[in-house]
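Report on the structure given below.
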Amino acid sequence: MKKLKLLQQVSQEGVVAVLRGESPEDVFEMATQCIEGGIKVIEVTMTVPFALQAIERLAKTYSSDTQDPSKYAIIGVGTALDPETARAAILSGAEFVVGPSLNPATVALCNRYRVPIMPGVMTIKEIQEALELGVDIVKLFPGNLYSPSMIKAIKGPLPQANIMPTGGVTLDNLGEWIKAGAVAVGIGSDLTTEAVKQRNYNLIAQRSAQYVAAYRAAKSLN
């Protein structure tokens with residue numbers, strides 16, 4: 001039942017912060033600021049040096065089960081290329097797994113442990129294969145190669161697909177992606193680039209709040 005609850009929580013929150021940084025300490029601070037700004041779904045990519053340390057620290061600090069809103073967040077892993085990486089992240093506390101592509105062995109591993117898996121896909125064929133493997137949410141990646149109309153096109157033959165565009169989603173077009181049928185959106189460098197440039201991580205909280213407000217406004221219109 002926890003997997004179903006997590007999928008529902010991700011869908012309700014709607015915005016996933018995709019975080020990359022130079023160290024576990026950087027990513028922990030970025031995640032803290034995202035959560036402070038209202039983004040409660042945090043994806044720590046495995047491109048971060050010692051990423052598992054960041055995941056473990058975040059998982060010990062925040063929980064998807066808590067009733068304390070200041071400690072509520074869902075911590076997951078991104079850029080999981082293989083089942084070994086996914087399992088290591090799960091053991092470190094990751095509650096969901098995201099990959100840049102569809103790797104059947106990684107999907108099987110996550111299904112075995114009842115952990116939500118969101119593989120990257122680009123084509124109808126990949127999405128169909130993901131559905132047949134038991135995937136609940138697919139990541140349309142890289143999203144900047146498509147327009148929101150892509151989701152409507154996909155949902156013609158595959159209306160049952162739950163699609164999360166990642167890459168290319170901005171404050172200006174987020175509403176279009178939601179209107180087109182996106183179940184959630186992944187936001188990466190747009191959350192953190194300016195903050196890192198200025199060495200002012202408080203800007204991440206401000207940017208996160210803007211994305212949460214935009215998402216809620218878009219959902220209220222649907």
Side-chain angles (χ1 to χ4, degrees), residues 2-18 20 41-47 74 76-87 89-90 94-170 173-190 211 215 218-219 222:
K2 185 172 183 181
K3 178 183 177 182
L4 297 177
K5 180 183 176 183
L6 284 168
L7 288 165
Q8 184 178 40
Q9 287 172 305
V10 170
S11 177
Q12 288 174 343
E13 295 295 338
V15 181
V16 179
V18 183
R20 296 179 173 85
V41 188
I42 305 297
E43 175 190 330
V44 177
T45 68
M46 287 300 294
T47 54
I74 306 166
V77 63
T79 322
L81 302 181
D82 46 54
E84 294 82 5
T85 301
R87 182 58 177 152
I90 293 167
E95 292 193 295
F96 65 91
V97 175
V98 182
S101 62
L102 177 61
N103 182 288
T106 303
V107 174
L109 180 283
C110 291
N111 286 342
R112 182 179 306 132
Y113 293 103
R114 305 302 294 155
V115 172
I117 168 72
M118 306 171 198
V121 296
M122 294 183 71
T123 66
I124 291 288
K125 182 176 186 291
E126 288 178 325
I127 295 172
Q128 180 176 331
E129 289 175 355
L131 293 174
E132 290 169 355
L133 290 168
V135 171
D136 294 289
I137 297 175
V138 294
K139 179 178 77 167
L140 185 62
F141 179 77
N144 59 324
L145 296 182
Y146 306 98
S147 71
S149 63
M150 179 64 171
I151 292 185
K152 288 186 177 181
I154 292 168
K155 283 185 169 287
L158 297 174
Q160 71 275 29
N162 295 312
I163 302 165
M164 179 179 73
T166 301
V169 180
T170 66
N173 65 23
L174 186 151
E176 296 176 46
W177 284 106
I178 298 303
K179 183 178 179 181
V183 69
V185 294
I187 312 295
S189 59
D190 194 47
Y211 269 102
Y215 175 76
K219 289 295 286 186
N222 284 353

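For the single chain, residues carry numbers from 1 onward in sequence order.
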Any side-chain heavy-atom pair of [X] and [Y] under 4.5 Å:
| X | Y | result |
| --- | --- | --- |
| L81 | P100 | yes |
| V135 | P119 | yes |
| F96 | I137 | no |
| T166 | E43 | no |

Measure the spacing between [atom1] of [X] and [atom2] of [Y] and express it to the nearest 0.5 Å.
| X | Y | atom1 | atom2 | result |
| --- | --- | --- | --- | --- |
| M150 | I124 | CE | CD1 | 6.0 Å |
| D136 | L7 | CG | CG | 4.5 Å |
| I117 | K139 | CD1 | NZ | 9.5 Å |
| T170 | W177 | OG1 | CH2 | 10.0 Å |
| R114 | L4 | CZ | CG | 6.5 Å |
| Y215 | L174 | OH | CG | 8.5 Å |

Grab the two heavy atoms, one from [X] and one from [Y], that are nearest each other, plus how far apart they are.
| X | Y | result |
| --- | --- | --- |
| A80 | V97 | CB-CG1, 3.6 Å |
| L102 | A130 | CD2-N, 3.8 Å |
| A218 | G175 | CB-CA, 3.8 Å |
| L158 | Q128 | CD1-N, 4.2 Å |
| V77 | A94 | N-CB, 4.0 Å |
| P159 | G156 | CD-O, 3.8 Å |

Backbone N or O of M122 within a donor-acceptor pair of the Y146 side chain at under 3.5 Å?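 Checked: pair present.
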Donor-acceptor contact below 3.5 Å, side chain N111 vs main chain L133: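 Yes, the answer is positive, given that a donor and an acceptor are paired below the 3.5 Å cut-off.
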Criterion side-chain contact (heavy atoms from CB on, under 4.5 Å) against V185, the qualifying member of N173, I163, L140, I178: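 Result for side-chain contact (heavy atoms from CB on, under 4.5 Å) with V185: I178.
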Determine whether V16 and V98 satisfy the following criterion, side-chain contact (heavy atoms from CB on, under 4.5 Å), listing intermediate values before the conclusion. CA-CA 11 Å; V16 179; V98 182; 6.0 Å; no
